[in-house]
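See structure below.
We name chains A, B, ... by the order of the sequence lines, and we start the count at 1 in each one.
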Number of protein chains: 2
Amino acid sequence: MPFRYEHPRPALTVDCVVFGLDDADLKVLLIQRGAAPFKGNWALPGGFVRVDETLEEAARRELEEETGLRNVFLEQLYTFGGIQRDPRERVISVAWYALVNLRDHKVQAATDAGEAAWFSLDDLPTLAFDHAEILETAQQRLRGKVRYVPIGFELLPRLFTLTQMQRMYEKILDRALDKRNFRKKVLGMGVLEETDQVQQDVAHRAARLYRFHEAAYKRMVKHGIHFEI
Amino acid sequence: MPFRYEHPRPALTVDCVVFGLDDADLKVLLIQRGAAPFKGNWALPGGFVRVDETLEEAARRELEEETGLRNVFLEQLYTFGGIQRDPRERVISVAWYALVNLRDHKVQAATDAGEAAWFSLDDLPTLAFDHAEILETAQQRLRGKVRYVPIGFELLPRLFTLTQMQRMYEKILDRALDKRNFRKKVLGMGVLEETDQVQQDVAHRAARLYRFHEAAYKRMVKHGIHFEI
DNA sequence: TGTCTTAGTGTCGCTCATACACTAAACTGG
DNA sequence: CCAGTTTAGTGTATGAGCGACACTAAGACA
């Protein structure tokens with residue numbers, strides 16, 4: 001036990017709420033705990049912060065070690081510091097949330113953790129520690145932020161149809177949107193770039209594919225115009 | 001050195017960005033450091049988290065110890081974890097921001113810290129550590145949040161005039177607002193309660209005093225109507 | 001060729017945001 | 001008490017954008 005301090009110190013961890021979108025649902029990535037406490041329960045991927053890495057580096061490292069995911073959109077969420085949130089000892093956790101799309105990012109059979117799997121948000125298992133609260137906080141943040149910052153595109157494939165985009169917003173905001181008004185609005189905003197490609201392998205009229213126009217969005221921001229769905 | 005751990009642990013602190021409003025300006029509360037590093041420099045009030053208190057309790061305790069402030073509006077801001085943010089050792093800081101009004105809350109001569117003083121946001125001294133970055137983050141948060149959550153009232157006295165309220169928003173948002181449109185909007189929103197009192201001791205026509213109507217705001221939220229300035 | 005499924009499109013009414021200027025009231029100082 | 005100063009308080013007209021709403025087009029398939 002070579003590390004000694006004058007005063008007691010809480011342990012410091014990071015935890016990640018990873019949201020993913022497929023055709024059916026908005027999902028969250030969980031891992032099954034291989035050790036006590038909460039052995040066998042599902043939990044958010046995460047782990048201890050090392051003293052030679054930033055908080056974000058710790059979050060990215062744990063995410064890759066436990067789920068194989070890398071190069072994802074990642075933002076700090078909130079820091080949870082309840083006294084009894086870990087039964088072993090005092091642990092403070094800096095929580096992050098990530099957005100990925102399930103086509104581009106395949107989850108590998110995890111190495112560190114027992115197993116990783118996607119769960120629909122309305123069909124969740126009981127979570128370890130205070131992870132249900134962290135997840136709830138992340139959902140609120142996502143709902144609030146997606147309307148005025150274009151982070152939703154992180155959940156879509158690089159090329160997407162307007163219907164896919166609309167479904168994405170509907171799943172996050174949990175309400176129906178009007179198709180014509182939605183298209184009018186997002187096309188009028190000028191952050192979508194139309195491609196000359198259409199959907200492949202669909203059993204009906206194929207929809208046109210669009211991509212998010214990063215540069216146009218940055219121009220908007222610079223001119224003080226703000227994105228809003 | 002009685003506290004020993006298997007792995008090295010960063011130190012954990014809280015820091016508070018306290019915003020205050022007087023007739024002239026939006027201000028922030030700083031303390032002068034009495035010890036190295038950055039001895040003599042101005043810094044945000046804050047200190048180490050104890051293992052038997054939550055993060056919020058730590059923030060409130062430090063705030064009272066160093067500035068005498070208590071019972072203030074306080075919300076978590078962001079957690080800063082840069083590797084070199086403290087020259088002595090690795091320190092992670094959970095930052096908070098507070099809103100107070102300078103009439104009700106008098107700052108006492110601080111006990112722990114050297115001295116506490118209010119600084120206008122556009123006339124700041126050089127700050128210790130990464131506190132300038134924390135303060136900048138807090139200003140952005142305040143600007144973003146004040147428009148759609150009625151936290152601005154925390155900066156005003158209990159009874160206030162519409163002009164005071166308008167000035168508050170103008171200082172935070174850093175742009176001029178139209179007087180007639182502002183009044184039309186905030187009165188139409190129904191979260192202000194008109195009192196039968198007027199300003200005292202002013203050298204011109206006295207303005208009517210209003211108060212924030214908490215219950216009406218909660219009713220709005222419950223009905224899904226949202227506050228916006 | 002008919003059926004099925006999803007893509008794609010325009011208008012109208014209304015609300016709300018914005019731009020804009022004068023009178024009323026209270027105090028001050030001579 | 002009068003003139004001057006300062007801030008309070010008020011209404012309208014215009015335009016933009018939001019929301020409600022339904023049908024035709026295209027392609028796959030049997």
Side-chain angles (χ1 to χ4, degrees), chain A residues 21-25 146-148 156-157 159-171 173-211 220 223-229, chain B residues 21-25 146-148 156-157 159-171 173-211 220 223-229:
Chain A
L21 189 70
D22 67 9
D23 291 332
D25 253 322
V146 80
R147 293 196 45 227
Y148 58 93
L156 296 174
L159 300 183
F160 50 86
T161 69
L162 294 183
T163 299
Q164 285 175 326
M165 182 175 167
Q166 184 179 341
R167 296 264 172 283
M168 180 265 289
Y169 278 101
E170 288 178 332
K171 283 169 197 161
L173 301 176
D174 199 28
R175 62 189 167 95
L177 301 174
D178 180 85
K179 182 171 166 179
R180 277 176 293 189
N181 292 339
F182 180 82
R183 287 163 179 252
K184 206 190 318 174
K185 184 162 199 171
V186 299
L187 290 175
M189 219 152 36
V191 297
L192 294 189
E193 192 177 4
E194 185 175 318
T195 70
D196 50 8
Q197 298 172 62
V198 294
Q199 272 180 317
Q200 299 299 322
D201 302 317
V202 284
H204 53 79
R205 174 172 176 184
R208 181 166 300 281
L209 295 172
Y210 292 80
R211 70 163 64 90
M220 268 178 69
H223 290 59
I225 306 163
H226 62 284
F227 181 89
E228 189 185 339
I229 297 293
Chain B
L21 188 72
D22 67 10
D23 292 331
D25 253 322
V146 80
R147 292 193 48 228
Y148 59 95
L156 295 174
L159 299 183
F160 51 85
T161 70
L162 295 182
T163 300
Q164 285 174 326
M165 182 176 165
Q166 185 179 339
R167 297 261 173 284
M168 180 266 287
Y169 277 101
E170 288 178 333
K171 283 168 197 162
L173 301 176
D174 201 28
R175 64 191 165 93
L177 301 174
D178 180 84
K179 182 173 166 179
R180 278 176 293 190
N181 293 338
F182 181 82
R183 290 156 106 93
K184 207 189 320 175
K185 184 163 199 169
V186 299
L187 290 177
M189 218 149 38
V191 297
L192 294 189
E193 191 177 5
E194 185 176 317
T195 71
D196 51 7
Q197 298 171 60
V198 293
Q199 274 182 316
Q200 300 297 322
D201 303 316
V202 286
H204 53 79
R205 174 174 177 183
R208 181 166 300 280
L209 295 171
Y210 293 80
R211 70 162 66 88
M220 269 177 66
H223 289 60
I225 306 163
H226 61 283
F227 181 91
E228 188 183 340
I229 295 293

Q: Return yes if the base of D:dG9 and the side-chain atoms of B:K179 contain a donor-acceptor N/O pair under 3.5 Å, otherwise no.
A: yes
Q.
Measuring only between side-chain heavy atoms, which start at C-beta, is B:E228 closer than 4.5 Å to B:R147?
A. yes
Q | Minimum-distance nucleotide (side-chain atoms of A:K185 versus D:dA20, C:dT5, D:dC18) | A | D:dC18
Q: Send over the distance from A:R167 CZ to C:dT6 C1', rounded to a whole Å.
A: 10 Å
(Q) Before you tell me yes or no, could you show the steps for A:L156 and A:Y210 under side-chain contact (heavy atoms from CB on, under 4.5 Å), namely the whole-Å CA-CA distance, both residues' side-chain angles and the distance that decides it to 0.1 Å? (A) CA-CA 11 Å; A:L156 296 174; A:Y210 292 80; over 6 Å; no
Q: Whole angstrom is fine here: how far is it from CE in B:M189 over to P in C:dC16?
A: 13 Å
Q.
With hydrogens left out and only the distance checked, is there a donor-acceptor pair under 3.5 Å joining A:K184's side chain and the base of C:dG8?
A. no
Q.
Please determine whether a side-chain nitrogen or oxygen atom of B:T163 lies at a distance below 4.0 Å from atom OP1 or OP2 of D:dA8.
A. yes
Q. A:R208 has a side chain; which of C:dG10, C:dA7, C:dG8 sits nearest to it?
A. C:dG8
Q.
Both B:E228 and B:A203 contact DNA chain C. Taking the nearest nucleotide for each, which residue is further toward the 5' end?
A. B:E228
(Q) Using side-chain heavy atoms (C-beta onward) and a distance below 4.5 Å, is B:I229 in contact with B:V146? (A) no
Q) What is the distance, rounded to the nearest whole Å, between atom CG of B:L177 and atom C1' of C:dA19? A) 14 Å
Q) Rounding to a whole Å, what distance do you find between B:F182:CZ and C:dA19:P? A) 16 Å
(Q) Could you tell me if the side chain of A:T163 sits less than 4.5 Å from the side chain of A:R183, heavy atoms only? (A) yes
Q. In terms of side-chain heavy atoms of B:R205, which of C:dA25, C:dG8, D:dC29 is nearest?
A. C:dA25
Q.
Of the listed nucleotides (D:dA22, D:dA20, D:dG11), which one gets closest to any side-chain atom of A:R180?
A. D:dA22
Q: Quickly work out the A:R183 CZ to D:dC21 P distance and round it to whole Å.
A: 19 Å
Q. Short question: side chain of A:Q199, backbone of A:A207 - any donor-acceptor pair under 3.5 Å?
A. yes
Q.
For A:D178 and B:L187, find the nucleotide of DNA chain D closest to each by heavy atoms; which residue's nucleotide sits nearer the 5' end?
A. B:L187
Q) Toward the 5' end of DNA chain D, which comes first, B:A207 or A:V202, by nearest nucleotide? A) B:A207
Q) Can you check the A:Q199 CD to D:dA28 P distance for me, whole Å? A) 11 Å
Q) Between D:dG19, C:dT28, C:dC20, which nucleotide has the shortest distance from any of its atoms to the side chain of B:N181? A) C:dC20
Q) Base, sugar-phosphate, or nothing: which does B:T161 touch, judged by heavy atoms less than 4.0 Å apart? A) nothing
Q. Within this structure, what is the CD1-to-C1' distance between B:I229 and C:dC16, rounded to whole angstrom?
A. 15 Å
Q: Test B:V202 against every option in B:Q200, B:R205, B:H204 by the side chain to side chain contact (heavy atoms under 4.5 Å, CB included) rule and name the one that passes.
A: B:H204
Q: Give the nucleotide from the list C:dT28, C:dT18, D:dT7 with an atom nearest to the side chain of B:H204.
A: D:dT7
(Q) Expressed as a whole number of angstroms, how long is the span from A:M165:CE to C:dA7:C1'? (A) 16 Å
